[in-house]
2 protein chains.
Amino acid sequence: MARPPAARGKVLDAYISLLCEEGERAATLDATAARAGVSKGGLLYHFASKDALADAVIEAAEVHIARDVEAMCSAAEGGAAYFIRTSAEVDTELDRHLVALHRLAQAGVKNATEKIESANERWYRGILDDVGSKDLAHLVMLTGEGLYAELSLPGTWYQRNFDGELDRLLQLVSTLKKLGNLNEH
Amino acid sequence: MARPPAARGKVLDAYISLLCEEGERAATLDATAARAGVSKGGLLYHFASKDALADAVIEAAEVHIARDVEAMCSAAEGGAAYFIRTSAEVDTELDRHLVALHRLAQAGVKNATEKIESANERWYRGILDDVGSKDLAHLVMLTGEGLYAELSLPGTWYQRNFDGELDRLLQLVSTLKKLGNLNEH
DNA sequence: GTCTATAAAAAGATAGAC
DNA sequence: GTCTATCTTTTTATAGAC
């Protein structure tokens with residue numbers, strides 16, 4: 001079948017949601033099946049093991065990552081602004097997949113760690129192409145990663161009044177960009 | 001006893017190490033007891049349950065956090081530079097406890113999430129006192145959090161040649177500080 | 001493809017000897 | 001305080017009916 005059956009997608013989606021909302025500990029086969037509205041046996045028909053489920057998350061994440069890297073390269077605002085702006089976006093499909101990836105990585109799934117590293121490398125290249133300076137590129141990366149870390153902890157205190165801040169953060173980076181390689185000689 | 005027995009400390013230390021090195025999934029009572037060189041029964045004498053073990057991590061982390069916040073407030077280099085510099089330090093006791101805290105938080109331990117939030121609030125205050133601008137303070141926070149996120153993923157690619165970069169990152173922030181509230185009106 | 005029933009393993013926790 | 005032995009529960013995985 002060119003398109004996989006709907007139930008498979010529902011299971012994968014349920015697993016990702018559980019990872020994001022309740023953490024890896026709570027994302028058991030039982031809980032995943034229940035949330036997907038299928039039986040455990042039904043789940044295991046589509047994903048032969050828990051590892052297979054994790055692999056599917058990683059594979060699905062790659063699709064969104066690749067799409068994002070491409071969008072970043074052709075973004076009119078430049079790679080740095082694009083990266084920071086999208087890092088602050090929650091509830092996008094990319095965001096959900098990245099949070100799930102981080103949960104798996106922290107739980108000890110090696111392939112998830114590698115996928116995150118690979119994505120970071122590609123994003124870093126896109127930012128470096130934009131800003132020129134390695135230091136500033138790293139600062140932008142750190143800012144974006146910090147945003148992820150903040151936003152993926154449920155109920156973090158600065159989530160509430162963050163909207164206006166993003167624009168000013170972008171301005172800050174843009175100013176730095178114009179100042180050029182402040183610290184390089 | 002004023003000082004708790006040595007075995008208790010060994011167990012707690014083993015649990016933290018496992019959390020950091022192998023992730024929450026691998027940090028079972030069995031594995032922890034084995035690494036501490038005691039039996040499961042011996043472990044459970046000191047920590048009546050797994051939750052008690054997690055609580056002990058949180059409590060131990062608080063000691064290091066409080067010490068760090070105090071050091072930050074009296075740091076000659078200023079809160080912002082202190083925060084970024086220490087965020088890049090790995091293998092300190094504070095770092096180990098924070099990584100463990102993050103592993104627990106991502107696994108779904110609520111008290112760990114709250115402790116991280118509480119620590120972030122205190123660090124943010126220290127940074128804000130130093131730099132004055134809320135935007136810049138947030139940028140500094142994000143940078144530090146990004147550093148943690150990077151460094152706590154095992155084997156991340158930019159860990160290798162990061163040494164010189166930290167100094168330049170600090171310079172960058174110092175420049176921003178001198179420029180003042182770039183974007184506030 | 002999806003279910004129920006069941007097995008097998010792992011993890012958390014208790015009891016009691018030493 | 002620490003151990004061994006045991007129990008319970010949870011989680012993963014299999015088998016086979018429909």
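The analysis underlying the following values was restricted to heavy atoms, covering all of them including side chains, and did not include hydrogens, waters or symmetry mates. Here is how names work: the chains are called A, B, and so on, in the same order as the sequence lines, proteins then strands, and each is numbered from 1.
Take the nearest nucleotide of DNA chain C for A:G42 and for A:R25: the residue whose nucleotide is more 5' is A:G42.
Rounded to a whole Å, the NZ atom of A:K10 is 13 Å from the C1' atom of C:dG1. Regarding A:D30, its CG atom lies at a distance of 15 Å from the C1' atom of C:dA10, rounded to whole Å. Residue B:D51 contributes atom CG, which lies 17 Å from atom P of C:dA11 at whole-angstrom precision. Whole-Å rounding puts the B:K50 NZ to D:dT10 P distance at 15 Å. To the nearest angstrom, P of D:dT4 lies 13 Å from CG of B:L44. To the nearest angstrom, P of C:dA11 lies 14 Å from CG of B:L43.
Side chain to side chain, A:R122 and A:S118 meet the donor-acceptor criterion of an N or O pair below 3.5 Å. Between A:D68 and A:Y82, the side chains place a donor N or O and an acceptor N or O closer than 3.5 Å (distance only, hydrogens not considered). Side-chain polar atoms of B:E24 and B:H102 form no donor-acceptor pair below 3.5 angstrom.
Side-chain N/O atoms of B:Y45 include one lying less than 4.0 angstrom from OP1 or OP2 on D:dG1.
Listed nucleotides: D:dA13, C:dT14, C:dG12. Nearest to the side chain of A:L29: D:dA13. With D:dC3, C:dG12, C:dT2 as the candidates, the nucleotide lying closest to the side chain of B:K40 is C:dG12. The side chain of A:S39 lies closest to C:dC3, out of D:dT2, C:dC3, D:dT14. Distances were taken from every side-chain heavy atom of B:H46 (C-beta onward) to each of D:dT2, C:dG12, D:dA13; the shortest belongs to D:dT2.
Under a 4.0 Å N-O distance rule, the pair B:E70/B:R67 does not qualify as a salt bridge.
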